[in-house]
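Step one of this worksheet: look at the structure below.
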Amino acid sequence: MNRLGMLVDLAHVSDETFYDALAVTAKPVIVSHSSMRAISNVSRNVSDEMLRALARNGGVIGICFGMGFINPKDAEALRSATKTQSDAPSLTGKALDEYAAENARKLFDTQIKVVATVEDVADHIDHAVKIAGIDHVGIGSDFDGIAATANGLEDVSKMPALIAVLLRRGYAEPDLKKILGGNHLRVIREVTGE
């Protein structure tokens with residue numbers, strides 16, 4: 001993939017796969033939509049050691065706004081929903097597609113009460129910046145792939161609320177530009193040579 005100029009995304013991979021990929025890549029990678037395991041202990045979130053390794057690689061993590069990834073009180077609901085999905089019968093082809101579509105309808109049509117807030121999302125950004133550094137943190141909202149977001153970040157029109165919280169916490173404009181897209185653009189340019 002490096003030779004072809006393809007961006008490697010390590011979201012959704014196991015910890016072992018994460019480290020295996022970093023061991024062989026010659027280019028920075030991204031974790032497009034995940035959050036901090038130190039704050040919400042979900043296996044899809046990254047550990048502090050993974051953040052340090054990502055920073056050494058020059059990569060970027062995009063902080064996810066999904067409820068269970070952000071607030072530990074929401075994590076149990078996420079684990080329950082994920083367990084239901086992982087109990088899938090052994091299906092292939094069209095039958096598997098239909099089963100997955102039905103599970104998605106059930107999950108996404110359910111109104112989920114969420115505890116997570118914009119402040120919680122900012123806590124994940126703060127933690128990632130503290131561990132990995134400002135050059136390795138971005139946004140990975142996952143608006144199109146989660147059943148519920150943090151309160152106050154229901155869609156892209158609510159991004160000014162997050163920016164306001166980060167400004168109150170002392171982030172300067174150049175740092176906000178990095179978080180809001182600059183870091184991802186840097187990695188894309190380095191990987192693609194553009």
Side-chain angles (χ1 to χ4, degrees), residues 7 9-12 29-46 48 50-51 54-55 59-82 85 101 103-188:
L7 187 62
D9 182 0
L10 299 179
H12 291 271
V29 301
I30 64 167
V31 180
S32 62
H33 57 293
S34 192
S35 295
M36 307 298 99
R37 200 177 288 171
I39 297 174
S40 187
N41 190 10
V42 176
S43 61
R44 270 274 319 282
N45 285 348
V46 299
D48 288 357
M50 292 167 83
L51 275 175
L54 184 67
V60 175
I61 183 165
I63 302 300
C64 180
F65 299 169
M67 42 76 143
F69 300 104
I70 299 300
N71 189 298
K73 293 177 183 173
D74 292 324
E76 187 54 43
L78 176 65
R79 279 190 281 276
S80 295
T82 305
Q85 291 174 350
N103 271 343
R105 275 191 292 281
K106 287 178 187 174
L107 180 62
F108 289 103
D109 289 345
T110 303
Q111 186 70 318
I112 298 173
K113 185 174 177 168
V114 176
V115 175
T117 65
V118 175
E119 295 282 342
D120 291 328
V121 172
D123 290 346
H124 283 263
I125 292 170
D126 287 345
H127 187 83
V129 168
K130 176 183 166 194
I131 301 299
I134 194 69
D135 294 326
H136 306 286
V137 182
I139 299 296
S141 65
D142 201 18
F143 284 132
D144 66 337
I146 49 180
T149 63
N151 291 301
L153 285 171
E154 292 82 7
D155 60 52
V156 72
S157 73
K158 309 292 183 166
M159 285 298 293
L162 178 59
I163 295 166
V165 170
L166 295 174
L167 285 168
R168 280 196 307 274
R169 292 184 181 196
Y171 286 85
E173 186 176 334
D175 291 339
L176 287 174
K177 286 181 179 180
K178 288 179 179 185
I179 292 169
L180 296 172
N183 288 334
H184 278 102
L185 289 173
R186 172 188 52 79
V187 169
I188 291 167

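In this text, all values refer to a predicted model and were calculated from it rather than measured experimentally.
A salt bridge between Asp123 and Arg169 is present, with a side-chain N of the basic residue lying under 4.0 Å from a carboxylate O of the acidic one.
Partners of His33 according to the ring-ring contact (aromatic ring centres under 6.0 Å, His included) rule, which considers only residues two or more places apart in sequence or in another chain, are His12.
Between Ile163 and Leu180 there is a side-chain heavy-atom pair separated by less than 4.5 Å. Using a 4.5 Å heavy-atom cutoff, the side chains of His136 and Leu51 are not in contact. Side-chain contact between Met36 and Val46: present, with at least one pair of heavy atoms (C-beta onward) separated by less than 4.5 Å. Side-chain atoms of Asp142 and Phe69, non-hydrogen and from C-beta on, never get closer than 4.5 Å to each other. The shortest distance between side-chain heavy atoms of Ile139 and Met159 falls below 4.5 Å.
For the atom pair Glu154 CD and Phe143 CZ, the distance stands at 8.5 Å (nearest 0.5 Å). Atoms OG and CZ, from Ser35 and Arg44 in turn, are 8.5 Å apart once rounded to the nearest 0.5 Å. Here CD1 of Ile63 is found 8.5 Å from CG of Asn45. Values are rounded to the nearest 0.5 Å. Here the CD1 atom belonging to Ile30 is positioned 4.0 Å from the CG atom belonging to Asp9, to the nearest 0.5 angstrom. Distance check, rounded to the nearest 0.5 Å: CG of Asn71 to OG1 of Thr117 gives 7.5 Å.
Using a distance-only test at 3.5 Å, with no hydrogens or angles considered, a donor-acceptor pair links the side chain of Asn151 to the main chain of Val114. The backbone N or O of Gly68 sits less than 3.5 Å from a side-chain atom of Ser40, completing a donor-acceptor pair.
Nearest heavy-atom pair across Ile134 and Lys178 is CG2-NZ, 4.1 Å. Residues Val31 and Ser34 share a closest heavy-atom pair of CG1-CB, 3.6 Å. Across all non-hydrogen atoms, the minimal contact from Arg37 to Ser43 is NH2-O, 3.0 Å. Taking all atoms of both residues into account, the shortest heavy-atom contact from Lys158 to Leu153 is O-CD2, 3.6 Å. Ala55 and Ala132 get closest at one heavy-atom pair: CB-O, 3.4 Å. Annotation for Ile61 and Ala128: closest pair CG2-CB, 4.5 Å, computed over non-hydrogen atoms.
Shown are Asp126, Ile125, Ile131; of these, the side chain to side chain contact (heavy atoms under 4.5 Å, CB included) with Val129 is made only by Ile125.
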